[in-house]
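Below, all heavy atoms of this structure are taken into account, side chains as well, without hydrogens, waters or symmetry copies. For the single chain, residues carry numbers from 1 onward in sequence order. Small disclaimer: the values here were computed from a predicted structure and weren't measured.
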Amino acid sequence: MNAFRLLRLCNDLTVVEVAEEMQLSPQYIRDIERGYRYPAQDKIVKFCELFNISVETLDEIQNCQEKYKNEQPLKSYQKMLMRTLMNLL
């Protein structure tokens, strides 16, 4: 699961909701989440603003994701923990 999808899920948002907030198509958001596309810098900044995080924090999340990419998907308690951590940042 990539960082973009992780943040969306931890904030209980749908692809459509994120797309509307960012003024992008839902398909574009899905492509980013699946790793088919990587957003331009301006879209990364917009994404970070949406989730109230810095670009550096997004980079840290992506690095952590890469490190643990072969682990099992997040369980509900892990999502809750991630939400709590994101609120602290």
Q: By side-chain contact (heavy atoms from CB on, under 4.5 Å), which residues pair with Gln62, not counting sequence neighbours?
A: Ala3, Phe4, Tyr38, Leu58, Asp59
Q: Say whether Val16 and Val18 are linked into one hydrophobic cluster, either directly or through other cluster members, by side-chain heavy-atom distances under 4.5 angstrom.
A: no
Q: Can you list everything that forms a side-chain hydrogen bond (donor to acceptor under 3.5 Å, both in side chains) with Asp42? Sequence neighbours excluded, please.
A: none
Q: Show me the side-chain donor-acceptor pairs of residues 21-32 shorter than 3.5 Å, one per line, residues at least two apart or across chains.
A:
unit_1	atom_1	unit_2	atom_2	d
Ser25	OG	Tyr28	N	3.0
Gln27	NE2	Asp31	OD1	2.9

Q: Once you round to the nearest 0.5 Å, how far does CG of Leu7 lie from CD1 of Ile61?
A: 4.5 Å
Q: Report the residues that fulfil side-chain contact (heavy atoms from CB on, under 4.5 Å) with Glu56, sequence neighbours left out, ordered by chain and then residue number.
A: Ser54
Q: Enumerate the salt bridge (Lys or Arg N to Asp or Glu O under 4.0 Å) contacts for residues 7-20, please, sequence neighbours excluded, ordered by first and then second residue.
A: Arg8-Glu33, Asp12-Arg83
